[in-house]
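Structure first, commentary second.
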Amino acid sequence: MSRIKKTEFERRRKRLMDHMEPDSIAIVPSAKEVIRNRDVEYPFRQDSDFYYLTGFDEPNAVLVLLPGRDHGEYVLFCRERDTTMELWNGYRAGPEGACQQYSADDAFPISDIDEILPGLIEGRERVYYAMGRHSEFDGKVMAWINTIRNKVRAGAHPPGEFVDLDHILHDMRLIKSAAEQRVMREAAAISARAHCRAMQACRPGLMEYQLEAEYLHEFIRAGARQPAYCAIVGSGINGCILHYTENASVMRSGDLVLIDAGCELEYYAADITRTFPVNGRFNRQQKALYELVLKAQLAAIGQIRPGNHWNQPHDATVRIITSGLVELGLLKGKVDTLIKKEAYKMFYMHRTGHWLGMDVHDVGDYKVGDEWRLFEPGMALTIEPGIYVAHDNKKVDKKWRGIGIRIEDDVIVTKTGNEVITADVPKSVDEIERLMAS
Ligand code: GLY
Ligand code: MN
Ligand code: MN
């Protein structure tokens with residue numbers, strides 16, 4: 001039973017069509033199956049835009065929306081049913097199932113699309129399509145248009161305009177409905193449990209991938225069959241490699257381990273990072289830098305409320321981290337000057353967060369024109385400041401080198417402020433040490 005109801009998918013299609021200009025058509029292709037090696041495929045993952053509008057999770061399908069069409073506005077092209085293929089590879093809805101189970105008004109075999117789709121486009125003035133995102137499909141769209149252009153002398157009317165579909169659709173996806181927020185809370189809760197499990201399982205001598213296994217175990221047993229992205233389990237100096245995914249080193253007493261891992265549940269991502277000591281106790285330098293990152297993270301979360309803009313959390317982290325690094329002696333100079341010169345980037349080189357949703361780095365504009373976007377209820381984002389002191393950074397005292405720390409939580413903007421949906425994983429030094437000792 002899907003957590004997002006059919007009526008919600010229907011509302012989304014209706015809203016999109018309400019935003020489209022008259023006499024237009026929208027075309028959205030599904031994702032394709034991808035070969036991993038020889039005849040082995042990666043697990044199929046539907047394209048987020050396509051799934052958002054259909055709830056249909058098969059490859060080789062095309063969604064067409066035709067506002068105002070007498071014979072139905074919602075058309076799906078999909079694979080036909082096939083007893084042999086279904087025996088080997090599993091159930092297919094087929095055009096009949098597309099109508100009955102997925103509420104399409106009209107559905108056709110994908111093998112007939114070249115014959116049928118030009119006829120649906122013909123006479124429509126505008127085509128809403130994400131040009132440039134699916135290169136192979138771009139060629140097909142142009143071929144269908146050219147089929148119509150080739151018939152102008154017979155009176156055919158090709159469309160005159162292409163409109164970027166992403167703009168409207170991604171603005172819709174940016175604001176999460178109540179049902180979407182419920183799924184995101186569940187994905188967050190599963191991922192939070194996995195982080196707690198890893199903290200309790202951690203000990204010197206384990207391999208990084210053995211901690212990764214604790215996450216995958218917790219995700220899959222909860223029905224979240226895939227992680228939202230490849231887990232980062234970086235101990236010691238590996239914690240300073242921002243996208244470290246080898247996860248193949250032995251974890252040593254005295255080092256920290258930075259873990260960035262979250263599950264995907266029914267197409268919604270969680271994205272959590274915690275950093276904790278392999279042996280369960282922070283040393284003095286680790287604790288000092290950790291508490292600085294935490295202070296920055298809490299201040300950033302405090303900036304999330306309707307009316308504040310996207311960059312306010314980031315600005316807060318930059319100020320706190322810069323002044324903290326000055327106090328600890330890792331940076332020297334006046335805080336304002338160091339901020340202006342971006343001196344903090346030697347230790348804090350990424351942004352404070354990103355939109356979160358069906359894609360871990362979710363869609364949605366960060367600026368409107370030249371202005372940072374204002375927070376609105378229903379937006380979801382991460383807050384993830386960090387400090388990474390390269391192991392060969394000769395500008396700082398040896399005792400700081402090789403420490404990498406990030407703390408990341410997932411936050412939903414509410415009417416009055418925000419809700420941290422990943423708050424179930426401890427993040428103060430005391431809480432972490434207590435959980436690891438238990
Ligand atoms: N896990 C990817 C990120 O934190 O942005
Ligand atoms: Mn992350
Ligand atoms: Mn993130």
Side-chain angles (χ1 to χ4, degrees), residues 45 48 173-174 176 184-185 187-199 208-209 211-212 214-216 218-219 224 226-235 238-247 256-265 267-276 290 293-294 296-298 300-301 303-304 310-311 313-314 316-318 321 345 347-364 366 373 375 379-388 404-413 418-427:
R45 164 55 157 83
S48 299
R173 278 179 54 191
L174 178 57
K176 276 71 183 174
M184 290 186 73
R185 278 190 206 98
I190 295 165
S191 307
R193 278 208 301 278
H195 276 270
C196 293
R197 182 186 173 104
M199 282 181 194
E208 292 164 344
Y209 56 70
L211 273 196
E212 184 180 6
E214 300 291 336
Y215 285 82
L216 296 177
E218 199 62 42
F219 294 170
Q226 297 291 329
Y229 53 92
C230 286
I232 296 168
V233 184
S235 62
N238 296 336
C240 295
I241 304 170
L242 296 180
H243 290 160
Y244 175 80
T245 50
E246 285 165 56
N247 304 348
L256 296 176
V257 57
L258 180 159
I259 306 188
D260 186 342
C263 72
E264 178 177 289
L265 182 73
Y267 286 88
Y268 288 85
D271 184 8
I272 307 179
T273 307
R274 287 294 184 269
T275 308
F276 49 90
Y290 186 90
V293 176
L294 183 55
Q297 204 237 11
L298 294 171
I301 292 171
Q303 291 297 319
I304 302 173
W310 169 259
N311 216 43
H314 184 68
T317 61
V318 164
I321 286 177
K345 282 195 174 170
F347 305 102
Y348 176 33
M349 57 296 280
H350 58 73
R351 300 277 315 173
T352 303
H354 47 82
W355 301 130
L356 180 73
M358 299 182 76
D359 295 304
V360 62
H361 295 161
D362 207 30
V363 295
Y366 291 93
R373 185 151 201 155
F375 290 121
M379 290 174 166
L381 65 152
T382 67
I383 291 291
E384 49 179 305
I387 293 177
Y388 316 87
I405 295 163
R406 177 164 67 253
I407 307 171
E408 174 175 33
D409 280 304
D410 302 345
V411 186
I412 294 177
V413 185
N418 68 69
E419 174 189 350
V420 179
I421 61 174
T422 47
D424 288 347
V425 206
K427 63 179 174 183

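Remember, it's 1-based here, ligands and their atoms both numbered in the order they're listed. Reckoned from all heavy atoms, side chains included, excluding hydrogens, waters and symmetry mates.
Salt bridge status for Glu384 with Arg351: absent, with no side-chain N to carboxylate O gap under 4.0 Å. A salt bridge links Asp362 to Arg173: at least one charged side-chain nitrogen sits closer than 4.0 Å to a carboxylate oxygen.
Sorted by chain and number, the heavy-atom contacts of ligand 1 below 4.0 Å come from Tyr229, Asp260, Asp271, His354, His361, Glu384, Glu408.
Ring geometry for His195 versus Tyr215: interplanar angle over 60°, hence perpendicular rather than tilted (30 to 60°). Aromatic ring orientation, His354 versus His361: perpendicular (interplanar angle above 60°, classes split at 30° and 60°).
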Legend entry - Candidate pair His243 and Tyr229, rule ring-ring contact (aromatic ring centres under 6.0 Å, His included), full reasoning: CA-CA 11 Å; His243 290 160; Tyr229 53 92; 9.6 Å; no
Inset, instruction - List the steps and the verdict of side-chain contact (heavy atoms from CB on, under 4.5 Å) for Val363 and Leu174. - result: CA-CA 7 Å; Val363 295; Leu174 178 57; over 6 Å; no
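For the pair Pro426 and Cys196, the tightest heavy-atom approach, listed with the atom from each and the gap, is CD-SG, 3.8 Å.
In terms of distance to the Mn ion (ligand 3), the nearest N, O or S atom of His354 is named NE2.
If you look at the Mn ion (ligand 2), the protein N, O or S atoms less than 2.8 Å from it are Asp260 OD1, Asp260 OD2, Asp271 OD1, Glu408 OE1.
At least one donor-acceptor pair under 3.5 Å links the side chain of Lys176 to the backbone N or O of Leu356. When atom types are taken as modelled, the side chain of Asn418 and the backbone of Val411 share no donor-acceptor pair closer than 3.5 angstrom. Using modelled atom types, no side-chain atom of Thr352 and backbone atom of Ile383 make a donor-acceptor pair closer than 3.5 Å.
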